[in-house]
There are 2 protein chains.
Amino acid sequence: MKDVAKAAGVSPTTVSHALNGKGVVRQETADRIAQVAARIGYRPSPIAQGLQSSRLGLLALVIRPLRSLDTFLPEGVDYFLRMAGAASLAAMERGYSMMLVDDPTRPGAPMSATAADAYIVSEPFENDPVLTMLSERHIPFVSVGSDPARPGRFVELATRDWEETVLALDHLAGAGAERVALLTGTDQNAWNRESEAAYRDWCARRGQEPDIAAFPEADGERIGPAAIERFFGSPDATRPDGLFCLTGRHAAGLNAAARERGIRVPEDLLLAAGSGALQNRISHPSVTTLDLHPEGIAARAVEVAVQLAEGAELTVPLEVPRATLDIRESTTR
Amino acid sequence: MKDVAKAAGVSPTTVSHALNGKGVVRQETADRIAQVAARIGYRPSPIAQGLQSSRLGLLALVIRPLRSLDTFLPEGVDYFLRMAGAASLAAMERGYSMMLVDDPTRPGAPMSATAADAYIVSEPFENDPVLTMLSERHIPFVSVGSDPARPGRFVELATRDWEETVLALDHLAGAGAERVALLTGTDQNAWNRESEAAYRDWCARRGQEPDIAAFPEADGERIGPAAIERFFGSPDATRPDGLFCLTGRHAAGLNAAARERGIRVPEDLLLAAGSGALQNRISHPSVTTLDLHPEGIAARAVEVAVQLAEGAELTVPLEVPRATLDIRESTTR
DNA sequence: CTGAAAGCGCTTACAG
DNA sequence: CTGAAAGCGCTTACAG
């Protein structure tokens with residue numbers, strides 16, 4: 001910038017004013033400066049510009065369960081892909097860029113990992129160090145779903161795990177299931193916790209014995225055979241005729257494994273999933289899933305993040321949009 | 001930092017040294033400083049830190065065709081999702097964050113949109129203003145596929161559009177197609193251009209009349225009926241019995257529309273796509289697609305971007321990995 | 001309408 | 001082992 005000023009025969013102040021349209025600069029001067037800047041190949045430093053406000057116009061999305069999954073953005077995990085995409089778009093629309101960050105607390109993390117104006121942390125783990133770090137450094141953030149060990153302690157978008165579970169379970173019962181089992185994940189997050197609690201409560205109210213198995217999220221479809229064995233390896237009397245499977249990929253694996261085992265969906269087993277993957281929509285039979293509307297969640301989270309970044313009053317409802325049930329063949333007898 | 005220095009009774013220099021493990025600081029002093037910093041809630045500014053090096057450890061991915069598509073990260077466009085995910089992971093592994101940027105040349109673009117150390121621009125348009133801007137500002141970037149109007153002008157990862165097209169066309173012919181038509185997109189990028197040129201050349205060598213239709217990428221599966229009408233609305237003699245469809249979503253729409261029209265795939269029509277979507281894998285019949293290995297492309301692009309950002313010698317082969325053909329029911333008679 | 005000066009929050013030779 | 005000083009590349013009151 002000094003070079004431009006020198007070459008144009010003005011002060012850096014004037015260059016700054018001219019190039020940013022601030023202050024008052026005569027049109028001719030401004031034009032001349034623009035010309036010189038272009039000729040010299042002047043490249044403003046966004047970092048230096050950001051130094052004053054200590055803001056970069058950057059948001060970060062930390063999707064915690066990603067580390068549990070086998071690939072970073074695994075195909076078929078509609079939820080996170082749609083969330084990341086929608087979050088990026090929503091950020092752009094509000095004049096921010098969106099950064100995908102792995103884990104800013106990791107030792108080798110790049111400078112940029114902590115450079116965002118605000119963070120969105122999706123599905124934090126129990127006592128999540130990412131939340132701890134952000135909070136210690138007074139970096140604004142919103143979590144989607146609470147830290148199970150510290151609910152309500154930070155700004156969070158409340159999820160509707162409980163009501164969503166009941167929605168799915170009631171649907172299964174309404175479709176004719178008498179004994180509904182639960183297939184959950186092993187991640188220590190609010191979704192798994194709350195859903196299980198809601199399921200237990202639902203069973204208690206119906207006077208049914210809970211039947212729960214947990215398989216690692218990371219194993220995806222591969223859990224199919226093992227899960228079938230777990231639920232259908234025992235004598236007929238205790239077998240479920242309905243199954244609520246939290247993740248779409250687990251449901252897809254189970255759906256395929258059931259078929260191979262000669263268990264007919266939906267005739268013998270009513271199957272519903274708590275989150276959808278494309279697979280569930282186009283499998284045979286197709287699988288009923290909750291649509292959590294990750295785009296809506298992302299949009300809301302971005303809105304909150306922007307307000308936090310700008311130190312504005314929070315005017316956004318701090319809860320995720322209501323999920324809907326996409327009823328498909330697996331629960332239609 | 002000044003506050004920490006004051007509170008610890010040392011100079012800012014020492015604080016800096018202690019906190020970053022540079023220079024030489026007595027262990028006790030360092031410990032004391034760390035304590036004070038923690039107590040005060042000191043939060044280092046990555047922006048100020050980056051000011052010296054003018055580097056943030058930030059890479060940016062600009063996926064140009066995204067603007068043509070109906071949603072930002074549309075489901076079923078495996079290619080870009082896999083690319084974005086893999087690029088993020090690859091960046092993390094090399095100590096960088098990855099930012100998804102819409103269009104840094106847009107007037108309202110945030111500061112951060114130009115703050116990356118290096119850019120990856122996927123499938124630039126003709127005379128792409130993004131490339132122009134980056135090049136004018138001397139910001140390092142690598143493009144995946146060349147700007148059709150300026151091939152070889154910038155650092156670019158050469159794509160293999162020509163050989164991939166021939167691979168698919170030869171496969172169709174080998175599977176029994178006598179008259180192969182081409183269904184391309186309307187975006188002005190190298191992929192569409194080169195593929196069409198390769199197709200024309202291939203036809204010329206076989207003495208076949210080219211039969212080409214272009215539909216907007218943005219219309220996705222919806223082009224099905226119109227595309228079928230275009231190719232099969234005319235008298236039998238000129239109808240194709242093989243079709244190479246550049247995008248997976250177009251192929252999925254066409255596949256479904258053919259079925260409705262009573263055109264049997266693969267019996268009446270051999271169908272292959274130039275890029276895959278999950279739909280193509282699990283549709284009935286499943287559709288043969290090229291797998292462009294977006295993960296491999298992303299990994300290589302990130303490698304180049306990192307070397308550019310660090311001013312290192314480019315040691316990466318400047319071409320994308322070879323595509324493979326996933327042969328499925330649509331070309332298996 | 002333009003510019004000198006201070007400052008944003010750090011790092012880094014260099015001197016002690 | 002520690003600190004004073006200059007500087008990274010800008011912006012922003014403020015004075016003229």
Side-chain angles (χ1 to χ4, degrees), chain A residues 1-37 40-58 109-117 137-139 309 311, chain B residues 1-37 40-58 109-117 137-139 309 311:
Chain A
M1 194 164 121
K2 248 192 301 186
D3 298 341
V4 177
K6 202 162 296 174
V10 296
S11 78
T13 306
T14 307
V15 174
S16 174
H17 282 162
L19 259 27
N20 300 306
K22 305 212 172 160
V24 215
V25 182
R26 203 192 312 164
Q27 191 54 48
E28 309 159 29
T29 320
D31 291 347
R32 184 158 42 91
I33 291 173
Q35 303 244 302
V36 173
I40 299 195
Y42 169 66
R43 156 191 180 180
S45 156
I47 303 181
Q49 293 180 191
L51 188 55
Q52 321 281 334
S53 57
S54 58
R55 306 209 293 103
L56 230 35
L58 220 203
M111 228 161 244
S112 51
T114 53
D117 302 345
R137 298 205 187 184
H138 304 103
I139 302 179
Chain B
M1 194 163 121
K2 247 192 301 187
D3 298 341
V4 177
K6 203 162 294 173
V10 297
S11 78
T13 305
T14 306
V15 175
S16 173
H17 282 163
L19 259 26
N20 300 305
K22 306 216 172 158
V24 214
V25 182
R26 204 190 312 163
Q27 191 54 47
E28 311 159 30
T29 320
D31 291 347
R32 182 158 43 89
I33 290 174
Q35 303 243 301
V36 173
I40 300 195
Y42 168 66
R43 159 192 177 180
S45 156
I47 303 182
Q49 293 179 193
L51 189 55
Q52 322 280 333
S53 58
S54 57
R55 305 209 295 103
L56 231 33
L58 220 204
M111 230 163 244
S112 52
T114 53
D117 302 345
R137 298 204 188 186
H138 304 103
I139 301 178

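Chain letters run A, B, ... following the sequence lines, proteins first, then strands; residues in each count from 1. Just so it is clear, the values below take in all heavy atoms, side chains as well, and ignore hydrogens, waters and symmetry mates.
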Any side-chain donor-acceptor pair under 3.5 Å between A:Gln35 and A:Asp31?
no

Categorize B:Arg55 for me: base, sugar-phosphate, or nothing, with a 4.0 angstrom heavy-atom threshold over every strand shown.
nothing

Does the side chain of A:Ser45 get closer than 4.0 angstrom to OP1 or OP2 of D:dC10 through an N or O atom?
no

Polar-atom pairs under 3.5 Å, protein N or O versus N or O of nucleotides 4-6 of chain C: list them with distances, or write none.
{"residue": "C:dA4", "atom": "N7", "partner": "A:Thr13", "partner atom": "OG1", "Å": "3.4"}
{"residue": "C:dA4", "atom": "N6", "partner": "A:Thr13", "partner atom": "OG1", "Å": "2.6"}
{"residue": "C:dA5", "atom": "N6", "partner": "A:Thr13", "partner atom": "OG1", "Å": "3.4"}

In whole angstroms, how far is the P atom of D:dT11 from the CD1 atom of B:Ile47?
13 Å

Ranking C:dC1, D:dC1, D:dG9 by distance to the side chain of B:Val24, first place goes to D:dC1

So does B:Leu58 get a backbone contact from the side chain of B:Asp117, meaning a donor-acceptor N/O pair under 3.5 Å?
yes

How close do A:Leu56 and A:Gly50 get, heavy atom to heavy atom, and via which atoms?
CD1-CA, 4.3 Å

All stems that DNA chain C takes part in, i.e. 3 or more consecutive Watson-Crick or G-U pairs with distances under 3.5 Å, are C:1-3 with D:14-16, C:5-12 with D:5-12, C:14-16 with D:1-3

May I ask you to test the A:Arg43-B:Ile139 pair for a side-chain heavy-atom distance under 4.5 Å?
yes

Taking all non-hydrogen atoms of both residues into account, name the closest pair between A:Pro110 and B:Gly57 and its distance.
CB-O, 3.7 Å

Without decimals, in angstroms, what is the distance between B:Asn20 CG and C:dC10 C1'?
9 Å

5'-most by nearest nucleotide on DNA chain D - A:Gln49 or B:Val25
B:Val25

May I ask you to test the B:Lys22-B:Ser16 pair for a side-chain heavy-atom distance under 4.5 Å?
no

Verify the contact: side-chain N or O of B:Thr29 to OP1 or OP2 of D:dT2, cut-off strictly under 4.0 Å; return yes or no.
yes

If every non-hydrogen atom of A:Arg55 is compared with every non-hydrogen atom of B:Ile47, which pair is closest and at what distance?
N-CD1, 4.0 Å

Atom CD1 of A:Ile33 and atom P of C:dT2: how far apart are they, to the nearest Å?
8 Å

Could you tell me if the side chain of B:Gln49 sits less than 4.5 Å from the side chain of B:Pro44, heavy atoms only?
yes

Between P on D:dC1 and CD on B:Gln27, what's the gap in Å once rounded to a whole number?
10 Å

Closest approach of B:Ala18 to B:Ala30 (non-hydrogen atoms, all atoms of both residues):
CB-CA, 4.0 Å

Could you give the CE-to-C1' distance, from B:Met1 to C:dT12, as a whole number of Å?
11 Å

B:Lys22 side-chain N/O to C:dT12 phosphate OP1/OP2 under 4.0 Å:
yes

So, the side chain of B:Ser54 versus the backbone of B:Leu51: is there a donor-acceptor pair under 3.5 Å, distance only?
no

Length of the CG-P vector between B:Leu19 and C:dT11, whole Å
8 Å

Pair B:Ser11, B:Thr14: side-chain N/O donor-acceptor within cut-off below 3.5 Å
yes

Rounded to whole angstroms, how far apart are CG on B:Leu56 and P on C:dT11?
13 Å

Nearest-Å distance for atom pair NZ/P, residues B:Lys2 and C:dG7:
8 Å

Mind listing the closest non-hydrogen atom pair of B:Val36 and B:Val4 along with its distance?
CG1-O, 4.0 Å

Counting any heavy atom closer than 4.0 Å, what does B:Gln52 reach on the DNA or RNA strands: base, sugar-phosphate only, or nothing?
base

Could you list all N or O pairs between the protein and nucleotides 14-16 of chain D that sit under 3.5 Å apart?
none

